[in-house]
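Note that this is a predicted model, so its numbers are computed, not measured. As the structure lists them, so they are numbered: ligands from 1, and atoms in each ligand from 1.
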Amino acid sequence: MASFLEQIEPLKQSALADLQAAADLAALEQAKGRWIGPQGQFTGLMKQMGTLPKEDRPAAGKAINAAKVELEAALAARRDALERQAALPKEPTDFTLPGRRRPLGRLHPLTQVTEAIVRSFRKLGFVVADGPEIEDEYHCFDALNTPADHPARDTQDTFYLDAPGRPLLRTHTSSVQIRVMEKQQPPVRIIVPGRVYRRDNADATHNPTFHQVEGLYVDRGVTVGDLKGTVEFVFKELMGPETTIRFRPHYFSYTEPSFEIDFSSPLVKKMGKEWLEIAGCGMVHPQVFENVGWDPEVWTGWAFGFGIERIAMIRYGITDIRLFYENDVRFLRQF
Ligand code: DAH
């Protein structure tokens with residue numbers, strides 16, 4: 001009995017030292033096998049308990065179990081330490097290295113300009129409206145009082161779809177004026193940013209698809225003065241406080257009278273010009289009100305439309321419209 005008890009302590013010490021010396025998890029598993037695995041030396045000592053006289057076994061069992069608990073705790077602690085060590089990076093960390101820069105995306109310049117336009121009109125109580133890009137002749141032309149022989153309906157300008165009913169890709173956002181007036185009752189105060197399509201060859205100032213903003217204001221007693229004041233407010237917001245505008249008589253089938261809007265600003269002068277033509281507008285033609293079933297004796301209104309690319313080109317000094325569609329990050333990251 002005495003010799004059995006005497007063996008426990010040195011065996012335990014050897015086992016503890018061995019576990020502690022394991023350099024990695026694989027070595028630790030091997031050390032565990034050498035001592036407390038089925039063939040382990042410590043396990044072997046436990047098996048000898050059976051040879052002790054019956055009265056000695058309780059004391060021997062107590063001593064050897066205490067040692068085993070200690071060994072298992074040491075094993076778990078060593079395993080824990082080795083696992084934590086394995087999770088650490090192999091190379092030391094250099095905290096003086098510069099940080100990693102994550103490239104930040106940003107909004108496309110056309111989106112930024114569109115949002116600026118929408119923000120200005122919102123201040124005046126306008127809301128954004130939307131309509132389909134695949135339109136029909138009625139909404140794009142007929143209802144806007146554009147007769148069938150009008151040059152804007154020439155197939156040179158319009159993409160028609162090879163489908164029943166002769167659908168087309170809208171050539172302007174003016175079609176949405178009709179869609180909105182069909183759906184709701186006056187008064188109306190909307191702006192419509194959106195994509196339009198024309199059969200143009202791409203060059204520095206043309207692209208078969210581009211963007212417009214349409215505006216429509218209908219109420220009782222609306223005047224050209226309201227139109228001019230609104231346009232002036234918005235262009236000053238977009239192009240700076242030194243911006244001035246002028247109206248020139250023009251023709252659009254859906255407005256009467258109709259105007260072209262020119263604007264001038266330090267930016268325009270820098271381009272070597274006095275005035276730049278920027279938008280079309282006018283008082284809603286009575287026939288257009290008739291077409292949507294509104295009484296032109298009661299309701300008056302104005303409408304305008306302009307190209308978003310053109311505004312963006314002037315604002316940022318961009319000389320080729322195609323840059324907007326190429327998605328070259330060297331261009332995009334400048335905005
Ligand atoms: N639809 C015209 C175009 O695409 C722009 C325009 C002019 C819109 C006069 C209007 C307007 O609403 O009243 O060039």
At the 4.0 Å heavy-atom cut-off, does [X] count as touching ligand 1?
X	result
Q212	yes
R198	yes
F306	no

*Assess whether atom CG of L124 is packed by more than 12 heavy atoms of other residues, nucleotides or ligands within 6.0 Å.*
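Counting neighbours around CG of L124, more than 12 heavy atoms of other residues, nucleotides or ligands fall under 6.0 Å, so yes.
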In terms of side-chain heavy atoms, does [X] have a donor or acceptor partner in [Y] at a distance below 3.5 Å?
X	Y	answer
S265	E242	no
E182	H139	yes
Y325	E309	yes

*Find out whether R34 and Q39 are in side-chain contact, i.e. whether some heavy atom of one side chain is under 4.5 Å from a heavy atom of the other.*
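No, side chains not in contact.
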Can you sort out which atoms of ligand 1 are near [X], meaning under 4.0 Å from one of its heavy atoms?
X	answer
S174	1 (N), 8 (C)
Q177	12 (O)
G282	13 (O)

*Could you check which of G305, A279, S258, A303 puts a non-hydrogen atom nearest to atom 6 (C) of ligand 1?*
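Result: the heavy atom closest to atom 6 (C) of ligand 1 is in G305.
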*asked:* Checking a contact table here: which protein heavy atom is nearest atom 2 (C) of ligand 1, and how many Å away?
replied: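 Heavy-atom neighbour on the protein nearest atom 2 (C) of ligand 1: Y254 OH, 3.2 Å.
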*Please write down residue, atom name and distance for the protein heavy atom closest to atom 12 (O) of ligand 1.*
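Heavy-atom neighbour on the protein nearest atom 12 (O) of ligand 1: E214 OE2, 2.5 Å.
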*Kindly give the heavy-atom pair with the smallest separation between T300 and G221, and that separation in Å.*
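Looking at all heavy atoms of both residues, the closest pair is OG1-N, 3.0 Å.
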*With only distance considered, is C281 within less than 3.5 Å of ligand 1 through an N or O on each side?*
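In fact, backbone or side chain, C281 has no N or O that close.
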